[in-house]
Amino acid sequence: QVQLVESGGGLVQPGGSLTLSCAASGRTGSFYHMAWFRQAPGKEREAVAVHSKGGENTIYADSVKGRFTVSNDNAKNTVALQMNSLKPEDTAVYYCAARVGRIVLSARRSPSSYDYWGQGTQVTVSP
């Protein structure tokens, strides 16, 4: 059974940094895509970053480019999201998601494309 567990959320001041981690257990070796999504109150869930196997480029939301970086450790079955220069508008619940099969680029930002989800971790950016 697949489980994704996020950690690392919390309260941070604007301009600060946080690193989120997603630990995967189960059939982790078969994940082609692992992604980070976020959902703020009253807003739709949006893709923040999508990491793919096969040397494909990681894609980022325009709003986080240059500030957020995804890294993965296949040996530890973890994927991390390093978040720098945080802004109040980054406040949201952040979710880790995984997909087994490869999907086209246009589908990678859609929450419905993912097979497995973590429970989410709250990130609050506030003075």
Side-chain angles (χ1 to χ4, degrees):
Q1 185 172 353
V2 172
Q3 275 194 315
L4 303 177
V5 179
E6 303 98 336
S7 61
L11 173 65
V12 63
Q13 292 186 341
S17 298
L18 276 177
T19 300
L20 306 183
S21 182
C22 174
S25 60
R27 50 184 299 194
T28 56
S30 62
F31 295 151
Y32 195 93
H33 304 288
M34 291 196 75
W36 285 96
F37 284 77
R38 67 185 180 186
Q39 188 166 19
K43 295 190 176 181
E44 293 187 353
R45 191 168 296 191
E46 64 169 346
V48 175
V50 181
H51 178 272
S52 305
K53 284 185 175 179
E56 299 195 46
N57 290 334
T58 297
I59 60 175
Y60 293 93
D62 288 343
S63 58
V64 307
K65 280 181 183 176
R67 300 189 298 121
F68 290 13
T69 304
V70 168
S71 61
N72 73 308
D73 185 332
N74 289 327
K76 295 181 180 180
N77 293 326
T78 59
V79 61
L81 182 68
Q82 174 68 43
M83 305 185 294
N84 298 324
S85 302
L86 283 161
K87 304 175 182 180
E89 51 263 44
D90 294 318
T91 296
V93 178
Y94 283 71
Y95 297 91
C96 176
R99 159 115 187 162
V100 175
R102 183 180 183 275
I103 49 176
V104 297
L105 189 60
S106 59
R108 294 178 190 179
R109 299 179 190 269
S110 173
S112 63
S113 296
Y114 291 82
D115 305 308
Y116 304 101
W117 289 86
Q119 81 287 352
T121 186
Q122 176 71 45
V123 172
T124 302
V125 185
S126 179

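Owing to the predicted nature of the structure, the values given are computational and were not obtained by experimental measurement. In this chain, residues are counted from 1 in sequence order. Only heavy atoms go into these numbers, but all of them, side chains included; no hydrogens, no water, no symmetry mates.
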> Given the rule in the side chain to side chain contact (heavy atoms under 4.5 Å, CB included) test, do Val123 and Met83 qualify, once you have shown the distances and angles that lead to the verdict?
Replying inline: CA-CA 10 Å; Val123 172; Met83 305 185 294; 3.9 Å; yes
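Residue Glu89 places its CD atom among more than 12 non-hydrogen atoms of other residues, nucleotides or ligands, all under 6.0 Å distant.
Of all heavy-atom pairs between Gln82 and Ser17, the closest is NE2-CB, 4.0 Å. Nearest heavy-atom pair across Leu4 and Cys96 is CD1-O, 3.8 Å. Here the closest heavy-atom approach between residue Leu11 and residue Ser126 is recorded as CD1-CB, 4.1 Å. Of all non-hydrogen atoms in Arg108 and Val50, the two that sit nearest each other are O-CG2, 3.4 Å. For the pair Ile59 and Leu105, the tightest heavy-atom approach, listed with the atom from each and the gap, is CG2-CD1, 3.8 Å. Between Ser113 and Ala107, the shortest heavy-atom contact is OG-O, 2.8 Å.
Atom-to-atom distance recorded for Leu20:CG and Phe68:CZ is 8.0 Å, nearest 0.5 angstrom. Annotation: the span from Leu81 atom CG to Tyr60 atom OH amounts to 7.5 Å, rounded to 0.5 Å. Atoms CZ and CG, from Arg67 and Asn84 in turn, are 9.0 Å apart once rounded to the nearest 0.5 Å. Expressed to the nearest 0.5 Å, how far OH of Tyr116 lies from CE of Met34 amounts to 11.5 Å. Remark: Arg99 CZ to Phe31 CZ distance equals 12.0 Å, nearest 0.5 Å. Atoms CG and OG, from Asp90 and Ser63 in turn, are 7.0 Å apart once rounded to the nearest 0.5 Å.
By the 30° and 60° cut-offs, the orientation of the rings of Tyr95 relative to Trp117 is perpendicular. Using cut-offs of 30° and 60° on the angle between ring planes, the pair Tyr114 and His33 is perpendicular.
A salt bridge links Asp62 to Lys65: one of the charged nitrogens lies within less than 4.0 Å of a carboxylate oxygen.
Note: the hydrophobic cluster containing Ile103 does not contain Val100 (ILVMFWY, side chain heavy atoms under 4.5 Å, direct or indirect links). Phe37 and Leu86 sit in two unconnected hydrophobic clusters of ILVMFWY residues. Membership requires side-chain heavy atoms under 4.5 Å apart, directly or through other members.
Of the possible polar contacts, one joining the Glu6 side chain to the Gln119 backbone as a donor-acceptor pair under 3.5 Å is found.
Between Tyr94 and the choices Gln39, Gln122, Arg38, the side chain to side chain donor-acceptor pair (under 3.5 Å) rule is met once, by Arg38.
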